[in-house]
Structure formats: structure tokens, C-alpha cells
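Each remark here refers to the structure printed beneath this line.
Side-chain atoms are counted along with the backbone in the values below, which use heavy atoms only and exclude waters and symmetry mates. Below, chain A is the first sequence line, B the second, and so on; all start at residue 1.
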There are 2 protein chains.
Amino acid sequence: MLEINQLRCFVAVAEELHFSRAAERLHMTQPPLSRQIQLLEHSIGLPLFIRSNRMVRLTPAGRNLLPEARAILRMAEQARNSALRVGLGEEGRVVIGFTAVAGYQFLPDMLLRLRKALPGIDLQLREMVTAWQLDALVQGHIDLGLLRPSSRGEGLEDLCVAKEPLMAAIPEDHPLASLRSLHLKDFHDQPMVMYSPDEARYFHDLVHQVFHAQQVYPRYDQYVGQVHSVLALVRSGFGVALVPESASRLHYEGIVYRRVGGVSPAKPVELHLVWRRDNDNPAMARVLTYFERLRRAR
Amino acid sequence: MLEINQLRCFVAVAEELHFSRAAERLHMTQPPLSRQIQLLEHSIGLPLFIRSNRMVRLTPAGRNLLPEARAILRMAEQARNSALRVGLGEEGRVVIGFTAVAGYQFLPDMLLRLRKALPGIDLQLREMVTAWQLDALVQGHIDLGLLRPSSRGEGLEDLCVAKEPLMAAIPEDHPLASLRSLHLKDFHDQPMVMYSPDEARYFHDLVHQVFHAQQVYPRYDQYVGQVHSVLALVRSGFGVALVPESASRLHYEGIVYRRVGGVSPAKPVELHLVWRRDNDNPAMARVLTYFERLRRAR
DNA sequence: CGTCATTACGGAATGCGTAATGATA
DNA sequence: TATCATTACGCATTCCGTAATGACG
């Protein structure tokens, strides 16, 4: 096989067309240089130079090899530097999972700042629901999850990054839409679109608690997994719903959003960043350092 | 610097994720393999694997290096093969100089056949007049010249590949254009466009001899260097001219071509292939072998 | 205690430098 | 004879294989 060292020798001689000068440039003496060239020629099976004692010139095979040899040397150099930069986290990739709703409010800001602060790092995005993100984190398919709170914390770090109130999403032609101010009690016995207890455990429990605390009991007719779907059903007239404030960014035609009195301020909707404590991605480490610096600055 | 051998070891371990199996694949024992990996890691400055005794896995830096290492190995392999093929003439480049007129008749056929017979060889074309081609041949800028005969034969091989008669090129509204048959004598005292004695020595001498042999003396009003230019002047009414038959392929609007009686058949226009005897381009050698085979087949 | 990577060590091969040789103008 | 590549040879380093050690389940 061609050896890197031999290629380096070859390039030097091919550029100088003079063994002695090439040897000088390589910080060695001529004889071993001659020998390396001979070995290279032998391993290819052809002469690369024509030595006419007063003149060294390339054979066609040598002329052909020269640019390739340069390319290989350049690649080797780059590979080394790139591996080093990846190791130091100056370059690399961080895969981020996010829920659809986070994609409308929190994520864009975060990405903008991250890209600015860590320009060498390639940020890859994958939309998935909270439960899938937790799986993907554990399996190492994503480095970072932007998701709703969850109890599954085996080896996972968790940071609350946003809190927002729940708001009512109401079809614009619904009687409640015309009320000046809205209170939880107004939802009593109302048909509502509810979150599914397994696909959207967090929202399910949160909405349930909010109403239960006030002894209000709406009628839960529909159970769906994502805020998107909730809004789609609200718009189709299946009832009203409680959604995080940021969902109002979705600008669903035919839906109005209202603040609701009686919702405990101690129960906001939270958005969390989650990652594996033993994640070994150095680029990820730099992202975390960046978050840490942000947190302290506040 | 990264060594090829170390990269090969790295790729094997990265693919097997198991030192013993990788060593087996590399036809060596584990300990030196471990050592090569350590050396590689040291030369990069970072660990590439995490060895947890029951499990070998890549670090991010290693994951990043893997495709680059594969690429380098592939390139090294290719470089070797390519150099060998170039050396054997199975692959390579032949630069061919040609005169403008040759480009209309002889060259296209020749290229078609060469490309078919020697598919691995890249044929590069450069149009230039005979004198320039001779220079370019000597200096090694072209491998092969397709040109008019010349006396400069220092180390050059020469092969006549085409003979063609001279024909008259006449403006269509010229009195001679309407004659049924044309003889050299008809050119006596006629204004003619002549070839320049330094830029187109061969044509100059040839035309001169043709007329001289018959004691015919036209009037040479214009001297130009290329057949192209001759035709342009003929078309502009500066006179008539003798041109090689293949020039009629140029299909100049307003020019008619006529055979001429009295032109010695022993003095056709010749087209020659010329190359350096000591040309070391193996692809060129194959081209020559091809010509030789053609010649013998005839 | 079995598996598997690392460390330890001896022998072979490789690479470099110095000195001698050879070829060419 | 001067220049410059090659050959010859001795020494240091590198690389491989075998044997011993060590870590983890």
C-alpha cells in the first residue's frame, strides 16, 4: 500500500525535480529520500521519475500521480484537524427533538441564538412528540429534547426553559367567544376537546387538575394527542379546549383565544430541555455550556 | 502525521467495534492493533474509541473520522491503480495539434476511431498552424501534430496520412466560374490569393511549383497564412486561389470549387502526422500502436 | 473465572544518516 | 572534475508476535 510518508517524499521531489533540494525541504538527506521513492515506485510497479543524472523529470504515471498525492496529503491533514475540532466541540452536530408547538415559539429564538453563538455546529431538527423524544434521547438518536415535563428521568438532565399560561381556544361562532371575560366556571358541562392520557399525559393531567381545583367538570368528548389536533377539532366545532398560549401563534382560521380567569398561576404550562447526562458529544457539551452561561447571566 | 496503516487499523476496529475480530480481519494479533490505535489517537490528540472492556464504541471524533479515513484509503488505492494504468497507457491523455483544414476532413474520422479503439484515453485538441505545432511538439506541449509537411525533423517521426488534389476556389460571379472545364493555363495573369511564404511555406511552395511546372504565371496580389483567410479573400473578390480539396468542406457562401487540369498528380497536398520519437507518454504509445496496426491492415 | 483490551518484551524489519560508488557533462 | 543520484552499511526506531497483566461482568 502507498504510504503517506512516501507520498510526501514524492510530492517534494516532483515539485523540486531535484533530489537534494527535495531532501533539504523534507529535513532529511538524499539517500533515504531516493530509497523512499524507489519503494514507492516498486509498490506501484512503475518508475515515477526519469533520472538522467543532470535532470529529474516525471514520467506520465508520475505526472498523473502528483495531483492525487497532493489531494491525499491534504485530506489526511484535514481529517486530523476535523477530528480534533469535533473532539473539542468546535465543530460537530447536535440533533434536537422538538414538539410541534415548541417549533412555533421557543425553538426559532433558541436556534437563532445557538447558530450565532456556535457557528461551527450543525443543528439538526426532528419533530416528535414528548414520549418519542424521551425514547430517542435514551437511544442516542437525538442529543437534546424540547418537550413537555415527564417523569422519566433515568440518566436524563432536565431544565425548564419556558412557562406560559393556558388559554381557551374557542370557535369564533361559539357563544363563549362573545363573552367579555371568561372564567373556568364557564366551561362547566361544556363539550371540550381533551388531551389523550397516554399520548399527551402532561397536558391531560394539567387540564384535569386545573378544572378539578375549581370543582368544574366539563364534558370531555374527544381525546387527541397533539395541540395541533386539538385545534383542528375545536375549529370543526367539537367543542372548546385549553391550549398553551404559544399555540395561539398557529393562527388557526376560525378560532379565537381567550385568557381564562380562575386558572391557578402556580400551574403554568412548562417547556423543558432534556438531555442524557452521559452524552459524549462535545458539540452538545458546548451547547450546554452556552445554556449554562445564559442561565447565570439572568 | 496520520499513517495509512493506522487508518486501515482504525477503519477495521470502527467497523467491527471489536479489537480481536478487527485484528483477525487485518491478519495480525490484537496487541499491535491496540498499539496502532493508540498511536493514531496520540497523533490526533484525542481518543477515538471508548473501551469499556465489554464494549468498544466510537467517540464523536472517531465517528467523524471514520468516513474520512475510508475516503483516504479509497483514494490511495485509486491513485495507485490510476498511476499504473497511466503507466501502461490504458488511461491517460494525448494532446493533438491540428490545422484548421485538417479539422474539417481528416480529424473527425480519426478522433471517432481513436475514441472507439482506445476508450480510456482522453484526447485533447488544439488548433494551430503547422509552424506552431512543430514548436509545440518539440517543447512537449502536444503529443501529436496533424500538419502540412515540413523540413524540420529533429527527433520527429513523420507519417503521411492523406493526399488530396488542389482545387480552384473561385468567386461564383467570376468569369472562370462559368467555364465547363478549367486548366492551369486559365490562371495565367489572373489575380490570385497566394499563401504567405513564411506562415504557410508548404502551400506557398506547392502552388508555386504547380504553376511553374506548366510555365503559367498568375499575378499574386495577396499573401495570407491560412486556407481560411485565402477563402475569405477569394469571396471578397480579391482573386482566385488553389486550395486543398478538403477546404471545399468549409462551404463558403459565394465560392465555387473546380477541379483543375494540368496539375501534376505527383504533387498532391499532403497531411502528415508528426510526433517526437522520444515521447514518453504511454497513452501516446498506444495511439501509435493503433496507427501501426491500421497501416499494416491496409 | 472467562472475555477482551492493555502492557511487557524480544526479534525482525524499516528508516535515517554517513560514507563510498557511479554516472554524466 | 564537479554535480548529483544510487548503493553500502551501521544504528536507532518501529512494528509485529508471544506472554503476562489487568479490568469488567
Side-chain angles (χ1 to χ4, degrees), chain A residues 1-59 61-62 65-66 69 73 76 80 155 278 280, chain B residues 1-59 61-62 65-66 69 73 76 80 155 278 280:
Chain A
M1 181 53 121
L2 307 189
E3 290 304 320
I4 289 282
N5 191 24
Q6 293 172 0
L7 290 179
R8 206 191 346 264
C9 291
F10 168 72
V11 169
V13 176
E15 282 175 358
E16 300 284 347
L17 290 178
H18 195 289
F19 277 71
S20 307
R21 279 200 297 277
E24 195 174 346
R25 198 170 101 181
L26 294 165
H27 305 295
M28 63 193 290
T29 55
Q30 305 93 326
L33 175 58
S34 280
R35 181 149 179 68
Q36 290 305 321
I37 298 293
Q38 286 167 13
L39 288 172
L40 180 60
E41 288 176 324
H42 189 259
S43 90
I44 288 179
L46 283 173
L48 298 171
F49 294 101
I50 294 170
R51 294 85 145 165
S52 41
N53 225 346
R54 194 53 76 175
M55 184 82 142
V56 172
R57 63 182 216 281
L58 284 163
T59 62
L65 181 64
L66 182 55
L73 293 176
R80 187 194 163 279
D278 63 352
D280 64 358
Chain B
M1 181 54 121
L2 308 189
E3 291 304 321
I4 289 282
N5 190 23
Q6 292 172 2
L7 291 179
R8 204 189 350 262
C9 291
F10 168 72
V11 170
V13 177
E15 283 176 358
E16 299 285 347
L17 291 178
H18 194 288
F19 277 71
S20 307
R21 278 199 298 276
E24 194 174 347
R25 198 169 103 181
L26 294 166
H27 305 295
M28 63 192 290
T29 54
Q30 307 93 325
L33 175 59
S34 279
R35 180 147 179 71
Q36 290 304 322
I37 298 294
Q38 286 166 14
L39 287 172
L40 180 61
E41 289 175 324
H42 188 259
S43 89
I44 288 179
L46 284 171
L48 298 170
F49 294 101
I50 295 170
R51 294 85 146 164
S52 41
N53 225 346
R54 195 52 77 174
M55 185 82 143
V56 173
R57 64 183 215 280
L58 284 161
T59 62
L65 181 63
L66 181 56
L73 293 176
R80 187 193 164 282
D278 64 351
D280 65 357

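Under the salt bridge (charged side-chain N to carboxylate O under 4.0 Å, His left out) criterion, B:Glu3 pairs with no residue, sequence neighbours left out. Applying the side chain to side chain contact (heavy atoms under 4.5 Å, CB included) criterion to A:Arg80, with sequence neighbours excluded, gives A:Leu84, B:Leu2, B:Ile44. When the side chain to side chain contact (heavy atoms under 4.5 Å, CB included) test is applied to A:Glu16, the partners found at least two apart in sequence or on another chain are A:His18, A:Arg21, A:Ala22, A:Arg25.
The minimum heavy-atom distance between A:Ile4 and A:Ala76, with the atom names listed, is CD1-CB, 4.2 Å.
A close approach under 4.0 Å does not occur between any side-chain nitrogen or oxygen of B:Asn5 and OP1 or OP2 of D:dT14.
Between B:Arg8 and B:Asn5 there is a side-chain heavy-atom pair separated by less than 4.5 Å.
Direction of the helix axis in the helix from C:dC1-D:dG25 to C:dA25-D:dT1 shifts by 20° between the two five-pair termini, rounded to 10°.
Atom pair B:Gln6:CD and D:dT14:C1' shows a separation of 11 Å (rounding to whole Å applied).
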For B:Thr59 and B:Leu46, run side chain to side chain contact (heavy atoms under 4.5 Å, CB included): C-alpha distance rounded to whole Å, both residues' side-chain angles, the deciding distance at 0.1 Å, then the answer. CA-CA 9 Å; B:Thr59 62; B:Leu46 284 171; over 6 Å; no

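Only one option out of B:Leu58, B:Leu73, B:Leu33 pairs with B:Phe10 in a side-chain contact (heavy atoms from CB on, under 4.5 Å); it is B:Leu58.
Applying the side-chain hydrogen bond (donor to acceptor under 3.5 Å, both in side chains) rule to pairs touching residues 30-50 of chain B yields B:Ser20-B:Gln30, B:Glu41-B:Arg51, sequence neighbours excluded.
Listed by residue number, A:His18, A:Phe19, A:Ser20, A:Pro31, A:Ser34, A:Gln38 are the residues of residues 15-38 of chain A with a heavy-atom contact under 4.0 Å to DNA chain D.
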